[in-house]
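Bear in mind that the values here come from a model prediction, so they are computed numbers and not experimental data.
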Amino acid sequence: MNGKMSVKIKKIKDSQYIVWCDEKDIGTITTYHNEFHNKYLYLKFNLTKYPTYFPFSKIKQIEGQSLQVMTDSTNTNLIHLLLQNGFKCKRQCYTPEVTKKDLKIKLNSNYSIHPFNANSKNYSALCHLLYQYYQEVHQAVSPLTVSENTFVKEVPTKTGYYSTNKDGKIENFVFTEKNEIAYICSFSEKSCDLFIQAVLSKMFNKYSSIFFEADDTDWAATKLLDCFNVDKENSFNTYIYI
């Protein structure tokens, strides 16, 4: 096999493959689906070693679906296997917990923002906008595949802040839960920075630390991340095999 290790796979259950390397059993790969992002079939690895070569094309052929793997950036052996065998890194997600000391900017709290909760008149409108924004920023990597109704039942938190333009149209908002910024959405690059500063000012008045997730494919979340000195060495990455 051109100097490659001899790697064979066999489907042994609906959602599991056994893997042999040079005739030795080295473990299994489990497949699973994510209702919210169902374009790709997800793989989970339980191997005792990572060969240099792997027939991912065979899994794709058997399952009739392109493949996705999500793993921590510290999992270097798995990542090497993926990149050597046709996967591409499509997204890096950072999950910092930050304090005021980590800020790279001075907060301007004069920008007008408004709190909301699940009983607010515009809560359903904010949920609708979250669905739109979430769809938009995930489309290029792993598209959203559930209805708005399902999404709204599962995803949004019950509190947050928003800002409007001079015509009263919502431009920026965050969904929060205690000291977590669960989602940040913006339809205005011009006002997003000031909105973020005002939100951080409010939240740091309440909490000594804040945490959030920021995908590098989400421009508003990246703006939030860039307000802080954070270690970008570690991330949670998405790999796709087309």
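- L47 is listed as a side-chain neighbour of V19, based on a closest heavy-atom distance under 4.5 Å.
- Under a 3.5 Å cut-off, the side chain of N237 and the backbone N or O of M70 do not form any donor-acceptor pair.
- Put simply, the side chain of N34 never gets that close to the backbone of N38: no donor and acceptor are under 3.5 Å apart.
- S73 has its side chain out of reach of Q92: every pair of non-hydrogen atoms, C-beta onward, lies at least 4.5 Å apart.
- Side chain of T159 to main chain of T176: a donor-acceptor pair is present (N/O by atom type, distance under 3.5 Å, no hydrogens or angles).
- Annotation for F175: hydrophobic cluster partners, listed by chain and number, are F36, F116, Y123, L126, L129, L130, Y131, Y133, Y134, V137, L144, V146, F151, V152, V155, Y162, I170, F173, Y183, F187, W219 (ILVMFWY side-chain heavy atoms under 4.5 Å, direct or chained).
- Between F87 and F56, the angle of the ring planes goes over 60°, which puts this pair in the perpendicular group of the 30/60° scheme.
- With hydrogens and angles left out, the side-chain atoms of N149 and S147 include no donor and acceptor closer than 3.5 Å.
- The side chain to side chain donor-acceptor pair (under 3.5 Å) analysis of residues 222-233, with sequence neighbours excluded, yields the pairs D193-K223, D226-K232.
- At distances below 3.5 Å, not a single donor-acceptor pair connects side-chain atoms of E177 with backbone N or O atoms of K158.
- Using modelled atom types and a 3.5 Å distance limit, the side chains of S191 and N172 yield a donor-acceptor pair.
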_Quick one, S209 with E97, criterion side chain to side chain donor-acceptor pair (under 3.5 Å). Give me CA distance, side-chain angles, the key distance, then yes/no._
CA-CA 7 Å; S209 67; E97 182 166 356; 2.9 Å; yes

*Go through the steps to decide whether K90 and Y239 satisfy the test side chain to side chain contact (heavy atoms under 4.5 Å, CB included), and finish with yes or no.*
CA-CA 6 Å; K90 292 289 190 177; Y239 297 86; over 6 Å; no

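- Within a 6.0 Å sphere centred on CD of E136, heavy atoms belonging to other residues, nucleotides or ligands number more than 12.
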